[in-house]
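Scroll down for the structure; my scribbles are underneath it.
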Amino acid sequence: MTLHHFSITKPDSRSVHFFSRQPFPEGRDVLHFGLTRSPDWTPPTLRVSHLTGERVSVSAARQNRPHLPNASSCPLCPASPASSPAVQASVEAPSVSFAYDWIVFENLYPALWLENQTGHCEVIVYTKAHEGSLGALPLENLEGLIEVWQHRSLHLGERDDIECVFLFENRGAEIGVTLHHPHGQIYAFNHTPPRLAAELDYAERYYAQNMTCLICDVAADHSRRGDLLLHAGEHIIVFMPEAPKFPYEVHITTRQHRTHIERLTEPEVKELAVVLKKLVAAYDRLFNFPLPYIMQHHQCPSHARGHHSFHWNIQFTPFHRSADKLKYLAGAETGMGFFVNDSLPEEKVKELRAVWEGA
Ligand SMILES: [Zn+2]
Ligand SMILES: [Zn+2]
């Protein structure tokens, strides 16, 4: 479906993108720009680890982020144009004379910054409502949100100073989220971070041996064998990996080889919306509370459009191992990157299947 896009720049140089299913009107007035950076803001810088050469973002301004504000002081809730200038200046969404469905803006507290060529960080607000989640969005809103992901991944990825685009969502205080309002994020990196680099390298070696894409083959294998499968649709496969790092880890990918989210076709987007809604709703039914998770899109570096060996996929990593216990990244995980999973995926997938179709 058609997605209309219009962008403005705030007085603090941050970009704001409006998306709508309806065409924007000719006259588009900004009545108030909303929140802008404080004068004492300092930009992030990337430093290089003396041990591995990995980059670390040093971003001291992030200490000043609001921590779990309630709805009355949430910076992601839009302000009414009739509210006081002080209220309008306290929220991110500018007050504008036109309607829109989704808003994306440059992060007020970024870990990466275009002006020093380290990258770019954006916030994608899922809905104007303070309460809710990915799983509670109406299907057509979820389809639109996926199209917003496609737009941002494509357009950020076209820049010469961006190497790869990472879409993700942190949900839940246990994961470290600082705002409850339903939203996701984008980190557009000037380099390929170590985890993705390892996945690309492994997939490249698999391709050299087999002349096929690793994730195409894994998706087909899960579809065939079925023991770790949650959904095998016409276009989309949802499964628990054979070696999950977290007890309720679930991966989503396409049957067809797709390098980037923007390469998904309209039927694939529609089926992805259905399974995202089902998965998040199933997670929330699992223990009867909104299950905290990290949702991560892993995709090819942006300029590797014809990549044959790596394939877009979403990885959901909830940190719970039971209703009242969390999986912590302790000695082996934090120290050595070596994960120990205390559960059998063949059993855990049955728990998710039991809540997959709804109450
Ligand atoms: Zn809010
Ligand atoms: Zn593939």
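Numbering of residues begins at 1 and proceeds along the displayed sequence. Remember, it's 1-based here, ligands and their atoms both numbered in the order they're listed.
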Inset, instruction - Calculate the angle formed at the Zn ion (ligand 2) by SG in C216 and SG in C213; 10° precision is enough. - result: 110°

Inset, instruction - Compute the centroid of each ring, for F98 and then for H4, and state whether the two points are separated by less than 6.0 Å. - result: no

Inset, instruction - Give the name of the N/O/S atom in H257 that lies closest to the Zn ion (ligand 2). - result: ND1

Inset, instruction - Could you check which N/O/S atom of H130 is closest to the Zn ion (ligand 1)? - result: ND1

Legend entry - Residues Q88 and S95: side-chain donor-acceptor under 3.5 angstrom: yes

Inset, instruction - Give the name of the N/O/S atom in H311 that lies closest to the Zn ion (ligand 2). - result: ND1

Legend entry - Distance in Å, F246 CZ paired with K348 NZ, rounded so as to fall on 0.5 Å steps: 14.5 Å

Legend entry - H181: its N/O/S atom lying closest to the Zn ion (ligand 1) (atom name): ND1

Legend entry - Exercise: do H180 and H130 side chains pair donor with acceptor under 3.5 Å: no

Inset, instruction - Could you tell me whether any N, O or S atom belonging to C74 is less than 2.8 Å from the Zn ion (ligand 1)? - result: yes

Legend entry - Whether H151 and H155 hold their rings parallel, tilted or perpendicular, with breakpoints at 30° and 60°: tilted

